[in-house]
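Note sheet for the following structure.
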Amino acid sequence: MTRDILRIGSGLAALVVLTAARPSSSPAQTDSAAAPAQGDTVRIGLDEAIARALHDNPGLQAAGQQVRASDRAAAAAFRQHFGDLEAVAWTSRYDDAQLLRPMSQDLLAGGFASLPFAQDQLHYGLTFELPLFVGGKLLALSHLARLKADEAGALLEGTRWQVRANVTTTYATTQALTAATRAYGDEVASLEQTHARVDLMVRIGKRPEVDLLEITDALEEARAQLADARAERTHVRALLLALLNYPPDQAFEFDSLPDRLPALPADTVDWDALVLAAAPVATAELRVRQATSGKHVARAALLPKLSVRGNLLENAGSGVPGSQETWELTLQASIPVFTGGRRVADYQSAAAAERAAALALRQTLLQQQAEIRGALARFRAAQDALDAAGKRLAAADEAARIEGVRYDNGAGTVEDLLRARAPAAAAEAFLAKSKGDVLGTAAQINALVEQEIVR
C-alpha cells in the first residue's frame with residue numbers, strides 16, 4: 001500500500017510534458033512568471049491554479065500562436081486566386097548600344113537609323129499574372145489550408161481541457177503526497193519514541209532484544225518511506241509549477257482539496273456522442289478531409305492549366321529622347337503530356353494517404369470510446385475507495401491505539417504493535433489519495449468529452 005501511494009505521481013511526467021513544455025518566451029509569459037517577488041510565498045487553491053494555467057501555460061500560448069499561424073496560412077492560400085501584381089525595375093549597361101525595346105513594325109517605318117539604340121538602359125513598370133484555370137489546385141490548396149487551421153483550433157481546445165485535467169491531477173497528487181509525508185513523519189516520530197522506550201526496557205531486562213531489532217527495522221523502513229514520499233512530492237510539485245508557468249523553486253502553499261467532490265450525471269448521458277465531438281475524433285476527421293484535399297491537389301496536376309499574364313513598361317536609355325512605353329498581354333495554356341509517371345504516382349500516394357486517414361479515424365474513435373469507459377470505471381472505483389478510506393482510517397487508528405495500550409501493559413507483542421501502526425499511517429495517506437483520485441478521474445472524464453459534465 002505504501003508503494004501504491006508513492007507511485008501515484010510517477011507517471012505524471014509523461015502526462016504533462018507537452019502542456020508544460022516551455023517555448024520561446026513572449027511578453028505575456030515573462031510578465032506572468034515575474035508576478036510574485038522572489039522569495040515570496042504564493043498561496044493558491046485548485047480553482048486559482050486552473051485559471052492561471054489556462055491563462056499562462058506556455059504550451060497553451062504556443063498552441064494559440066499555432067492557431068493564428070494556421071489561420072494566416074489559410075488566408076494566404078485563398079488569396080492566390082487574386083493573382084500577382086508587381087512593380088519591377090532594372091537597369092543595364094552593355095558593351096555597345098543595343099535595342100532599347102523589342103522590335104516592332106512601327107519602329108521599322110522610320111528605318112534602321114531611327115531605331116532606339118542605347119548602351120545604358122532603364123526599364124520599369126508593372127507585371128501581373130492571373131490564374132484562370134489550374135485544375136482546381138488553388139481551390140483544393142485553399143480548402144486544405146483552412147482544414148489545417150480548423151485542426152489547430154480543435155487541438156487548442158483539446159489542449160485547454162487536458163491542461164485543466166493535468167493541473168487537477170498534479171494538484172491532488174501534491175496534496176496526497178503531502179498527507180503521506182505527514183503520516184510517515186508521524187509514524188517515524190512515534191517509532192522513534194517506541195524505539196527509545198523499548199531500548200530502555202531491553203537494557204533493564206523487561207523486553208527481549210529481538211523486540212528492539214524488529215522496531216529498529218520498522219523505524220528504518222518508515223524513514224525510507226518518508227524519504228520516498230518527500231522526493232515524489234518534490235517531483236510532482238515541480239510539474240505543477242511548470243504547468244502554472246512558475247519557476248520550480250517558487251515557494252508555494254496549497255489550499256486543501258475541496259470538501260464537495262464531483263459526481264457523475266444521470267445515466268442517460270450519451271458518452272459516445274460526446275466523444276465524437278471532442279478534439280481527438282474531430283481532428284482525425286479533419287485529417288481525412290485534408291487527405292481528400294491533398295488528393296484533389298494531386299489530381300489537378302494531371303489537368304490543363306490556363307493563365308493570363310501581362311506587363312506595362314517604360315523604357316529609357318542614354319541618347320534616346322524621352323521614354324518609350326511597351327505593353328504585353330499573354331494568354332497561356334499548358335497541357336501535361338509526359339512526366340515519367342511522377343504525377344500519377346503522386347495521385348496514387350495521395351489516395352493511399354486518404355485511406356490511411358480514414359482508418360486512423362476509425363482507430364481513434366474506438367480508442368476514445370474505450371478511454372471514456374475506462375475513465376468512468378476508474379471514477380466509480382475512486383468513489384468506492386473514498387467511501388472505504390474514511391472507515392479504514394478510523395478502524396486503523398483505533399486498532400493502533402488498542403495495540404499500543406496492550407503492548408505497554410505487556411499483553412501484546414511487538415509484532416502486533418507494528419502491524420497495527422503501519423496500516424494507521426498508510427490509511428491517512430490513502431484517504432487523501434482517494435479524494436485526489438476522485439478529482440483527477442473526474443477531470444480526465446471532462447477532458448475526454450471536453451465539457452464540464454462531471455462536477
Side-chain angles (χ1 to χ4, degrees), residues 11-12 14-21 46-47 49-51 53-55 57 59-68 70-71 74 144 146-172 243 262-293 354 356-382 437-455:
L12 291 174
L15 177 67
V16 302
V17 64
L18 292 179
T19 51
L46 178 57
D47 291 339
I50 292 174
L54 293 178
H55 184 267
N57 180 264
L60 271 179
Q61 292 180 349
Q65 292 302 317
Q66 186 60 47
V67 171
R68 176 168 175 76
S70 299
D71 182 71
L144 176 60
R146 176 47 55 191
L147 290 173
K148 288 183 177 179
D150 293 342
E151 179 186 355
L155 287 174
L156 173 60
E157 186 62 21
T159 302
R160 289 177 61 85
W161 281 99
Q162 192 57 56
V163 166
R164 291 170 63 99
N166 290 347
V167 170
T168 302
T169 302
T170 50
Y171 192 99
L243 283 168
L264 284 173
D267 294 336
T268 56
V269 174
D270 188 348
W271 296 103
D272 289 340
L274 294 176
V275 163
L276 278 172
V281 177
T283 54
E285 290 176 339
L286 288 169
R287 291 188 184 110
V288 173
R289 296 167 62 187
Q290 290 172 29
T292 302
S293 294
E354 182 184 33
L359 292 171
L361 169 60
R362 176 62 178 169
Q363 178 63 42
T364 300
L365 176 59
L366 293 174
Q367 182 176 346
Q368 291 302 110
Q369 288 174 340
E371 288 288 342
I372 191 63
R373 282 163 174 76
L376 290 170
R378 290 192 299 272
F379 181 80
R380 295 186 180 100
D437 286 345
V438 172
L439 289 170
T441 52
Q444 285 299 325
I445 292 172
N446 291 336
L448 284 170
V449 300
E450 296 179 8
Q451 294 184 36
E452 197 173 358
I453 195 166
V454 183
R455 49 183 155 180

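Considering only residues two or more places apart in sequence or on other chains, D71 meets the salt bridge (Lys or Arg N to Asp or Glu O under 4.0 Å) condition with R146.
Taking both residues in full, the closest heavy atoms of A279 and G158 are given as CB-CA, 3.8 Å, listed atom of the first, atom of the second, then distance. When all heavy atoms of V67 and A152 are compared, the pair lying nearest together is CG2-O, 3.3 Å. Between I50 and R164, the closest heavy-atom pair is CG2-CG, 3.9 Å. Across Y171 and A49, no two heavy atoms sit closer than the pair CD1-CB, 4.3 Å. Between P262 and L439, the shortest heavy-atom distance links the atoms CD-CD2, 3.6 Å. In terms of heavy atoms, V454 sits closest to P265 at CG2-CD, 4.4 Å.
With contacts defined as side-chain heavy-atom distances shorter than 4.5 Å, the pair T441/R380 does not qualify. Counting heavy atoms from C-beta outward, W161 and E452 have side chains that approach closer than 4.5 Å. Counting heavy atoms from C-beta outward, R160 and V163 have side chains that stay 4.5 Å or more apart. A 4.5 Å side-chain heavy-atom check between Q368 and I372 finds every atom pair outside the cut-off. The shortest side-chain heavy-atom distance between N166 and Q444 falls under the 4.5 Å cut-off.
For the pairing with L361, the side chain to side chain contact (heavy atoms under 4.5 Å, CB included) check across L286, L366, V288 returns one residue only, V288.
Atoms CG and OG, from L147 and S70 in turn, are 11.5 Å apart once rounded to the nearest 0.5 Å. The line from CD of Q290 to CD of E354 is 12.0 Å long, rounded to the nearest 0.5 Å. Atoms CG and CG, from L376 and L448 in turn, are 8.5 Å apart once rounded to the nearest 0.5 Å. To the nearest 0.5 angstrom, Q66 atom CD is 10.5 Å from L156 atom CG.
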| message | Show, in sequence, the C-alpha distance, side-chain angles and deciding distance for I445 and L264, and conclude whether the side-chain contact (heavy atoms from CB on, under 4.5 Å) test is met. | response | CA-CA 10 Å; I445 292 172; L264 284 173; 4.2 Å; yes
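Listed by first and then second residue, the salt bridge (charged side-chain N to carboxylate O under 4.0 Å, His left out) pairs that reach into residues 269-288 are E151-R287, D272-R373, sequence neighbours excluded.
A side-chain donor-acceptor contact under 3.5 Å links N446 to the backbone of I453.
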